[in-house]
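Structure first, commentary second.
Every chain is numbered from 1, with letters handed out A, B, ... down the list of sequences.
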Amino acid sequence: MLLARVEGNLTSTRKHPSLDGWRLIVCQPLDHTRQPKGAPVVAIDRLGAAMHHEVIVSSDGAAARHAVNDPKSPVRMMIVAIVDNASERTEVAAV
Amino acid sequence: MRLGKVIGRVVLSETVPEFEGARWLLVSPYDREHFMSGADAPEGLSSLPTPVVYDNLGGGEGDTIGFVEGREAAAPFDKPTPVDAINAAIIDYVNHEPL
């Protein structure tokens, strides 16, 4: 799963019907120092992640298809958690 | 899904039967610098590899689209289809506010 920061959103009228009504959120993946790393991805969100909040993005399509309630949806990325930013210090496991 | 600009279309001659009548877009994926607020796609091409994306939404050249890659791309098909990139949304407007 990705640690990412909310950096925007999108509007789209012509899209797969299963995405109707879902917020499409631009998520910028972060590295362990919370700096942007790589290209932003777009995830569906119903947790109401606010701008610049840190979130966890899952790329498990099965959970996303269940959330949109359409077994034939191509949806994949979904915001599954909003990170509590209270703890500024990040324990980074030695890899 | 990832964003990208439609830079062309691909017409196939010999394909597996599942691809009969399919429409394919050539897409230049957006890297971080291509994300900018607005309705128009940014200029120029990205250095990222150029995927061929299955399309049934009618994406045209110059459109910004949201495409999904991986096994999820084949979910909309009735029978197993070897598609691993599909156009899931034609983007009208991007709002990007980097921190």
Inset, instruction - Carefully, step by step, assess A:H16 and A:D70 under the rule side chain to side chain contact (heavy atoms under 4.5 Å, CB included). - result: CA-CA 11 Å; A:H16 190 274; A:D70 178 354; 3.5 Å; yes
Inset, instruction - Show the numbers, then the answer: is there a side-chain hydrogen bond (donor to acceptor under 3.5 Å, both in side chains) between B:Y30 and B:T64? - result: CA-CA 9 Å; B:Y30 289 174; B:T64 294; 2.7 Å; yes
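Nearest approach of A:P29 to A:A39, heavy atoms of both residues: CD-O, 3.4 Å. The shortest heavy-atom contact between A:V42 and A:M77 is O-CB, 3.5 Å. When all heavy atoms are compared, the tightest approach of B:G62 to B:A41 is O-CB, 3.6 Å. The two atoms that bring A:A81 and A:L47 nearest to each other are N-CD1, 3.6 Å, heavy atoms only. Of all the heavy atoms in B:G58 and A:R14, the pair that sits closest is O-NH2, 3.1 Å.
Taking the six-membered ring where the residue is Trp, B:H96 and B:F35 present tilted rings, their angle falling between 30° and 60°.
For the set B:A74, B:G70, B:A88, B:A75, the count of heavy-atom pairs under 4.5 angstrom toward chain A peaks at B:A75.
Looking at B:N56, there are no atoms closer than 4.5 Å to chain A (heavy atoms on both sides), in backbone or side chain. Using a 4.5 Å cut-off between heavy atoms, A:P36 contacts chain B through its side chain alone, with no backbone atom that close. With a threshold of 4.5 angstrom between heavy atoms, A:I44 does not approach chain B through any atom at all. With a 4.5 Å cut-off on non-hydrogen atoms, A:V26 touches chain B through its side chain but not through its backbone. Using a 4.5 Å cut-off between heavy atoms, B:L3 touches chain A through its side chain atoms alone. With a threshold of 4.5 angstrom between heavy atoms, B:V68 approaches chain A through side-chain atoms but not through N, CA, C or O. Both the backbone and the side chain of A:T13 come within less than 4.5 Å of a heavy atom of chain B. When heavy atoms are compared at a cutoff of 4.5 Å, B:I86 approaches chain A solely by way of its side chain, counted from C-beta outward.
Among B:V52, B:I7, B:I65, B:N87, the single residue meeting the side-chain contact (heavy atoms from CB on, under 4.5 Å) criterion with B:V27 is B:I65.
Remark: side-chain polar atoms of B:S46 are not paired, donor with acceptor, to backbone N or O of B:S28 under 3.5 angstrom. The backbone N or O of A:T33 sits less than 3.5 Å from a side-chain atom of A:D31, completing a donor-acceptor pair. The backbone N or O of B:L45 sits nowhere less than 3.5 Å from a side-chain atom of B:K5 that would complete a donor-acceptor pair.
Interface with chain B: from residues 3-10 of chain A, residues A:R5, A:E7, A:G8, A:N9, A:L10 qualify, criterion being any non-hydrogen pair under 4.5 Å. By a heavy-atom distance cut of under 4.5 Å, A:S59, A:D60, A:G61, A:R65 are the residues of residues 59-68 of chain A near chain B, going up by number.
Using a cutoff of 4.0 Å between basic side-chain nitrogens and carboxylate oxygens, B:R2 and B:E69 are scored as salt-bridged.
Under a cut-off of 6.0 angstrom, the local environment of CD in B:E43 is sparse, with at most 12 non-hydrogen atoms contributed by other residues, nucleotides or ligands.
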